[in-house]
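Shown next, in structure tokens, is the structure this report addresses.
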Amino acid sequence: MILLLVLSLWLPLGAGNSLATENRFVNSCTQARKKCEANPACKAAYQHLGSCTSSLSRPLPLEESAMSADCLEAAEQLRNSSLIDCRCHRRMKHQATCLDIYWTVHPARSLGDYELDVSPYEDTVTSKPWKMNLSKLNMLKPDSDLCLKFAMLCTLHDKCDRLRKAYGEACSGIRCQRHLCLAQLRSFFEKAAESHAQGLLLCPCPPEDAGCGERRRNTIAPSCALPSVTPNCLDLRSFCRADPLCRSRLMDFQTHCHPMDILGTCATEQSRCLRAYLGLIGTAMTPNFISKVNTTVALSCTCRGSGNLQDECEQLERSFSQNPCLVEAIAAKMRFHRQLFSQDWADSTFSVVQQQNSNPALRLQPRLPILSFSILPLILLQTLW
């Protein structure tokens with residue numbers, strides 16, 4: 001009985017298990033389609049809508065992309081089905097299939113006629129605490145920069161190290177093939193523990209420490225992952241919208257990192273914004289730090305040659321480089337990471353509580369991950385990056 005009780009308390013915390021995560025969905029698109037296929041009328045409408053949306057896979061100007069009357073009728077028939085509110089998850093199995101179902105049911109959104117609160121991804125939140133054993137850092141010099149410390153924590157963690165080596169190899173030097181590099185980057189940020197992924201990319205560096213900043217910027221291997229020729233930002237967005245995965249990640253970012261007013265009030269919590277931001281890495285819209293001396297991020301694109309769409313292009317640029325929600329979410333996470341390494345090392349054990357969201361108005365469901373660490377003294381040894 002005691003064992004069953006322990007298991008019942010532990011199982012909901014298994015966020016790393018993609019199947020367990022999918023089973024916790026209220027309504028995943030793969031499950032919703034199975035329900036729809038059991039109903040002949042729903043199945044017929046879905047199949048007909050599928051043939052409609054396949055003809056719309058190439059992005060067109062909205063005025064040229066009107067759907068036929070029978071396609072609109074099929075979409076209307078699905079409004080009362082479980083498909084209309086289905087969602088997917090970045091860590092689920094068969095994610096591509098799930099997203100294809102979502103965009104089939106929402107053809108207008110696939111053409112760019114989106115709303116800011118309709119991300120195709122369902123946020124499943126776990127109360128499982130982050131666990132990182134900082135005693136492993138005894139292989140580093142005490143004054144090593146924090147990016148190196150997070151890199152070492154990843155290296156000493158089997159799964160993180162394996163995933164990081166995979167994208168390091170795919171994104172390296174003369175062997176670089178951009179599509180393989182991006183695929184391995186996506187795999188790392190989807191499968192590595194969130195604490196490791198965010199630690200590597202969002203490690204704080206002093207402005208004067210160029211080596212630390214360069215290590216942080218090179219987490220995304222910019223020489224391979226980013227376009228060799230800088231594209232126009234609107235062309236980059238059009239290319240992204242033509243791909244269901246990239247389109248989904250971009251909409252997720254627009255949903256969760258959207259400032260709602262001139263005061264910078266954010267639509268959702270900082271943790272969700274960061275998750276959406278990291279979800280873009282490995283897509284055509286991969287953002288990165290623009291330099292090794294600050295934390296400004298940007299897309300690898302330009303607005304030169306945008307003509308009468310110059311304002312729209314610059315707005316897209318600013319949604320990354322001057323987005324107050326994203327800027328503050330990154331800054332808060334870096335402050336949190338810095339706090340981890342500023343504790344009293346005389347204590348053998350300590351806990352750190354992180355506020356997921358600094359905006360009191362958005363604390364609808366406060367989630368406060370508690371990180372517990374076992375600390376041993378740091379000793380002077382050398383390590384490799």
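Computed from a prediction, not measured in an experiment: that's the story for all the values here. Worth knowing before you read on, the calculation uses all heavy atoms, side chains too, and leaves out hydrogens, waters and symmetry mates.
Note that the OG1 atom of Thr97 and the CZ atom of Arg33 stand 6.5 Å from one another [nearest 0.5 Å]. Atom CH2 of residue Trp103 and atom SG of residue Cys29 lie 10.5 Å apart, to the nearest 0.5 angstrom. Interatomic distance, Thr155 OG1 to Leu148 CG, rounded to the nearest 0.5 Å: 8.5 Å. To the nearest 0.5 Å, atoms CG (Asp100) and NE2 (His94) are separated by 13.0 Å. For the atom pair Arg216 CZ and Asn218 CG, the distance stands at 11.5 Å (nearest 0.5 Å). A distance of 11.5 Å separates NZ of Lys159 from SG of Cys154, quoted to the nearest 0.5 Å.
The side-chain contact (heavy atoms from CB on, under 4.5 Å) search around Pro287 returns Tyr277, Leu280, Ile281, Leu299, Phe320, not counting sequence neighbours. By the side-chain hydrogen bond (donor to acceptor under 3.5 Å, both in side chains) test, Asp161 is found to be paired with Lys165, residues two or more places apart in sequence or in another chain being considered. Residues satisfying the side-chain hydrogen bond (donor to acceptor under 3.5 Å, both in side chains) test with Ser172, not counting sequence neighbours, are Arg175. A search for side-chain contact (heavy atoms from CB on, under 4.5 Å) contacts involving Gln322 returns Arg318, not counting sequence neighbours. Every residue two or more places apart in sequence or in another chain was checked for a salt bridge (Lys or Arg N to Asp or Glu O under 4.0 Å) with Glu317, and none qualifies. When the side-chain hydrogen bond (donor to acceptor under 3.5 Å, both in side chains) test is applied to Ser319, no partner is found at least two apart in sequence or on another chain.
Inter-residue side-chain proximity for Leu78 and Ile84 is flagged as unmet; no heavy-atom pair is nearer than 4.5 Å. Side-chain contact check for Met152 versus Lys149: every heavy-atom pair is 4.5 Å or farther apart. A heavy-atom distance below 4.5 Å is not found between the side chains of Val293 and Pro207. At a threshold of 4.5 Å between non-hydrogen side-chain atoms, the residues Pro324 and Pro259 count as touching. Side-chain contact between Ile330 and Met334 is present, with heavy atoms from C-beta onward closer than 4.5 Å. Looking only at side-chain heavy atoms (C-beta outward), Cys171 and Gln184 stay at 4.5 Å or farther from each other. Taking 4.5 Å as the limit, some side-chain heavy atom of Glu194 sits within range of a side-chain heavy atom of Gln198. A 4.5 Å side-chain heavy-atom check between Arg90 and Arg249 finds at least one atom pair inside the cut-off.
Although no hydrogens or angles enter the test, the distance criterion places no donor-acceptor pair under 3.5 Å between the side chain of Arg241 and the main chain of Arg247. Using a distance-only test at 3.5 Å, with no hydrogens or angles considered, a donor-acceptor pair links the side chain of His89 to the main chain of Arg91.
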Subject >> Step-by-step salt bridge (charged side-chain N to carboxylate O under 4.0 Å, His left out) determination, Arg275 to Glu190 >> reply: CA-CA 10 Å; Arg275 196 175 297 130; Glu190 287 177 358; over 6 Å; no
Original post:
Taking it one step at a time, do Thr219 and Phe289 satisfy side chain to side chain contact (heavy atoms under 4.5 Å, CB included)?
Top reply: CA-CA 10 Å; Thr219 297; Phe289 298 105; over 6 Å; no
Original post:
Going through the distances and angles, do His196 and His157 end up as a side chain to side chain contact (heavy atoms under 4.5 Å, CB included)?
Top reply: CA-CA 9 Å; His196 285 296; His157 185 276; 3.6 Å; yes
**OP:** Could you walk me through whether Lys292 and Asp209 pass the salt bridge (charged side-chain N to carboxylate O under 4.0 Å, His left out) test, one step at a time?
**Re:** CA-CA 8 Å; Lys292 56 189 177 183; Asp209 192 342; over 6 Å; no
**OP:** Please test Ser271 against Leu274 for side chain to side chain contact (heavy atoms under 4.5 Å, CB included), starting from the C-alpha separation and ending with a verdict.
**Re:** CA-CA 5 Å; Ser271 59; Leu274 281 182; 5.9 Å; no
**OP:** Begin from the C-alpha positions of Leu201 and Phe150 and carry the test side chain to side chain contact (heavy atoms under 4.5 Å, CB included) through to its verdict.
**Re:** CA-CA 9 Å; Leu201 187 63; Phe150 277 111; over 6 Å; no
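A disulfide is assigned to Cys224 and Cys176, since their SG atoms are nearer than 2.5 Å. Cys205 has its SG atom 2.5 Å or further from the SG atom of Cys147. Disulfide criterion (SG-SG under 2.5 Å) for Cys203 and Cys212: not met. By the SG-distance test at 2.5 Å, no disulfide connects Cys313 to Cys233. Taken together, Cys52 and Cys71 meet the criterion of an SG-SG distance shorter than 2.5 Å.
Taking every heavy atom of both residues into account, Cys273 and His256 meet most closely at CB-O, 3.3 Å. In plain terms, the two heavy atoms of Ile290 and Val297 that are nearest each other are CG2-C, 4.2 Å. Ala276 approaches Phe253 most closely through the heavy-atom pair CB-CA, 3.7 Å. Nearest heavy-atom pair, Asn323 versus Cys257, reported as atom, atom and distance to 0.1 Å: ND2-O, 2.7 Å. Contact detail for Leu236 and Pro231: the closest heavy-atom pair is CD1-CG, 4.1 Å. Across Gly282 and Leu185, no two heavy atoms sit closer than the pair CA-CB, 4.1 Å.
We find that Arg272 and Asp252 are not joined by a salt bridge, their nearest charged nitrogen and carboxylate oxygen being 4.0 Å or further apart. Under the 4.0 Å criterion applied to side-chain N and carboxylate O atoms, Glu169 and Arg164 are not assigned as salt-bridge partners. Lys333 and Glu328 are not joined by a salt bridge, as no carboxylate oxygen comes within less than 4.0 angstrom of a charged side-chain nitrogen.
At a cut-off of 3.5 Å, with distance as the only test, a side-chain donor of Ser28 or Gln31 sits close to an acceptor on the other residue. Ser306 and Asn232 share a side-chain donor-acceptor pair at under 3.5 Å.
In this structure, Arg87 forms no cation-pi arrangement with Tyr121, as its terminal cationic atom is not both closer than 6.0 Å to the ring centre and no more than 45° off the ring axis.
Atom CD of Gln310 has more than 12 neighbouring heavy atoms from other residues, nucleotides or ligands inside a 6.0 Å radius. Within a 6.0 Å radius of CD in Glu37, other residues, nucleotides and ligands contribute more than 12 heavy atoms.
Under a hydrophobic clustering in which Ile, Leu, Val, Met, Phe, Trp and Tyr are joined whenever their side-chain heavy atoms come within less than 4.5 Å, directly or via other members, Leu202 and Val327 fall into different clusters. Hydrophobic clustering (side-chain heavy atoms under 4.5 Å, transitive across Ile, Leu, Val, Met, Phe, Trp, Tyr) keeps Leu316 apart from Leu226.
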